[in-house]
Amino acid sequence: MGLLSLVFGWPVAPLRGVIRLGELIQEQVEREMRDPTVVRHRLEEIEAARAAGLISEEEEALQMREVLQGMMGGFGPVEGR
């Protein structure tokens, strides 16, 4: 049975590799989104953009909410858009 599964599984091996690569990338992105240093840096960037007048107060609040929501694991749409 092992030889048979090897023969018939071989053509889909590249697909399995691509799927696993996607899973690894997703795990890394989720780890980075929850890293307190990265989150703090992003929040500081948002505050600096607001202080420089590049974004409005509403945009600042929305972006901060998105960053904090991503940190807590919520990747869906942000309410209030």
Side-chain angles (χ1 to χ4, degrees):
M1 189 70 166
L3 181 62
L4 217 53
S5 63
L6 178 66
V7 169
F8 290 112
W10 188 258
V12 294
L15 179 61
R16 287 183 186 156
V18 169
I19 290 171
R20 181 61 187 142
L21 180 62
E23 291 169 348
L24 289 172
I25 292 171
Q26 180 181 6
E27 290 170 9
Q28 181 65 28
V29 167
E30 288 174 358
R31 245 182 307 205
E32 287 180 11
M33 298 234 6
R34 288 185 177 88
D35 182 9
T37 306
V38 173
V39 171
R40 191 173 108 233
H41 181 67
R42 179 65 185 130
L43 291 174
E44 289 171 353
E45 287 177 347
I46 294 169
E47 288 176 0
R50 174 68 181 127
L54 300 174
I55 60 174
S56 69
E57 189 175 329
E58 294 82 22
E59 289 173 310
E60 176 189 27
L62 180 63
Q63 289 181 15
M64 285 189 163
R65 205 172 322 131
E66 286 177 344
V67 169
L68 295 174
Q69 187 177 11
M71 181 181 178
M72 295 192 296
F75 292 103
V78 175
E79 293 178 18
R81 274 198 176 183

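No hydrogens, no waters, no symmetry mates; every other heavy atom, side chains included, goes into these values. Here the structure is a predicted model, which is why all the values come from computation and not from measurement.
A continuous path of ILVMFWY side-chain contacts below 4.5 Å connects Ile25 to Met33, so both sit in one hydrophobic cluster. Residues Met72 and Val38 fall into different hydrophobic clusters, defined by Ile, Leu, Val, Met, Phe, Trp and Tyr side chains chained together at heavy-atom separations under 4.5 Å.
Using a 4.5 Å cut-off on side-chain heavy atoms (C-beta onward), Met64 and Val67 make no contact.
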Expected list for residues 43-55: side-chain donor-acceptor pairs under 3.5 angstrom, two or more places apart:
| unit_1 | atom_1 | unit_2 | atom_2 | d |
| --- | --- | --- | --- | --- |
| Glu44 | OE2 | Arg40 | NE | 3.3 |
| Glu45 | OE1 | Arg42 | NH1 | 3.3 |
| Glu45 | OE2 | His41 | NE2 | 3.0 |
| Arg50 | NH1 | Ile55 | O | 3.3 |

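Around CD of Glu57, the count of heavy atoms belonging to other residues, nucleotides or ligands within 6.0 Å does not exceed 12.
Legend: side-chain hydrogen bond (donor to acceptor under 3.5 Å, both in side chains) pairs involving residues 12-21, not counting sequence neighbours, sorted by first then second residue: Arg20-Glu23.
Taking CD of Glu30 as the start and CD of Glu32 as the end, the distance is 11.0 Å to the nearest 0.5 Å.
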